[in-house]
Amino acid sequence: MSRGLFDLSGKTALVTGGNGGLGLAYARGLAKHGCDAILWGRNEEKNAAAVAELEALGVKAFAQVVDVSDEQQVIAGFAEAVDRVGRLDIVIQNAGFSNPAPSSSS
């Protein structure tokens, strides 16, 4: 089914931090235009709920438990995602982490 000017049918997006907040909003918007989704998040229950919500919009979705602050998890997550779907068309780097500011010595 064509979804007009912004038809993303047949495309797959990876959204980090995709199980809630802005990440889920990005994934939801893409799904409404036909885009399948891979969600990265650290909370398995939130991942499952987000996947169910996107699948209810008629797209394929799955989630991976990936901590973006761990380089090896990111590398393994990408490899698994590409193995499962063949390619990624869109990546939204929404998840983040911060390093505490170094303390100043007085």
Side-chain angles (χ1 to χ4, degrees):
M1 168 172 82
S2 176
R3 296 174 192 250
L5 180 62
F6 298 105
D7 187 1
L8 297 173
S9 299
K11 304 295 184 188
T12 301
L14 166 66
V15 182
T16 69
N19 65 7
L22 286 174
L24 181 54
Y26 292 133
R28 191 181 298 122
L30 292 166
K32 287 179 180 178
H33 291 281
C35 192
D36 295 332
I38 302 166
L39 307 177
W40 282 6
R42 296 182 302 168
N43 183 307
E44 290 188 44
E45 289 179 18
K46 287 177 65 176
N47 287 352
V51 165
E53 179 180 338
L54 298 179
E55 289 178 334
L57 294 172
V59 299
K60 297 176 191 170
F62 72 90
Q64 298 170 277
V65 176
V66 176
D67 180 345
V68 299
S69 69
D70 182 325
E71 182 178 5
Q72 292 307 312
Q73 285 189 38
V74 171
I75 291 167
F78 268 107
E80 179 188 343
V82 171
D83 282 347
R84 286 185 71 170
V85 299
R87 71 173 199 283
L88 298 175
D89 300 295
I90 301 164
V91 175
I92 297 179
Q93 194 331 81
N94 169 72
F97 64 96
S98 62
N99 291 327
S103 60
S104 59
S105 323
S106 301

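Values in this document were obtained by computation on a predicted structure and should not be read as measured data.
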- prompt: Rounded to the nearest 0.5 Å, what separation is found between the NE2 atom of H33 and the CG atom of L8?
  reply: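 The NE2 atom of H33 sits 7.0 Å away from the CG atom of L8.
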- Message: I need the R42 CZ to N19 CG distance, nearest 0.5 Å.
- Response: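 Here the interatomic distance stands at 9.5 Å.
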Answer yes if [X] and [Y] sit in the same cluster of Ile, Leu, Val, Met, Phe, Trp and Tyr residues linked by side chain heavy atoms under 4.5 Å apart, and no otherwise.
X: V74; Y: V82; value: yes
X: I75; Y: W40; value: no
X: L54; Y: V65; value: no

> Does N94 reach the main-chain N or O of V15 with its side chain, forming a donor-acceptor pair under 3.5 Å?
Replying inline: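 Not at all, since once roles are kept as given, no pair shorter than 3.5 Å links the two residues.
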Open item on the list: For the backbone of G41 and the side chain of N47, can you confirm whether one donor and one acceptor N or O come within less than 3.5 Å of each other?
Closed with: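 Answer holds: yes.
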Identify the two heavy atoms, one from [X] and one from [Y], that lie closest to each other, and give their separation to 0.1 Å.
X: A95; Y: V68; value: CB-CG2, 4.0 Å
X: A31; Y: L57; value: CB-CD1, 3.9 Å
X: A50; Y: G18; value: CB-O, 4.1 Å
X: I90; Y: C35; value: CD1-SG, 4.1 Å

- Give every residue pair that meets the salt bridge (Lys or Arg N to Asp or Glu O under 4.0 Å) criterion with at least one member in residues 8-22, sequence neighbours excluded.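 For residues 8-22, and leaving out neighbouring residues, there are no salt bridge (Lys or Arg N to Asp or Glu O under 4.0 Å) pairs at all.
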**Prompt:** What do you reckon, is CD of E44 surrounded by more than 12 foreign heavy atoms closer than 6.0 Å?
**Reply:**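 For E44, atom CD is not crowded (no more than 12 foreign heavy atoms under 6.0 Å).
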Review point. For R28, does the CZ atom have more than 12 heavy-atom neighbours from other residues, nucleotides or ligands under 6.0 Å away?
Key: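 Result for CZ/R28: enclosed.
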L39 and V51: CA distance, side-chain angles, deciding distance, side chain to side chain contact (heavy atoms under 4.5 Å, CB included) verdict: CA-CA 8 Å; L39 307 177; V51 165; 4.2 Å; yes
### Task
Determine whether V85 and I38 make a side-chain contact, defined as any pair of heavy atoms from C-beta on separated by less than 4.5 Å.
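Counting from C-beta outward, V85 and I38 do come under 4.5 Å.
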Not counting sequence neighbours, which residues clear side chain to side chain contact (heavy atoms under 4.5 Å, CB included) with V91? List them please.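 V91: side chain to side chain contact (heavy atoms under 4.5 Å, CB included) contacts with L14, F78, L88.
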Check: Which side chain to side chain donor-acceptor pair (under 3.5 Å) pairs, counting each pair once, include a residue from residues 74-89, with sequence neighbours left out?
Finding: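 For residues 74-89: Q64-E80, R87-D89.
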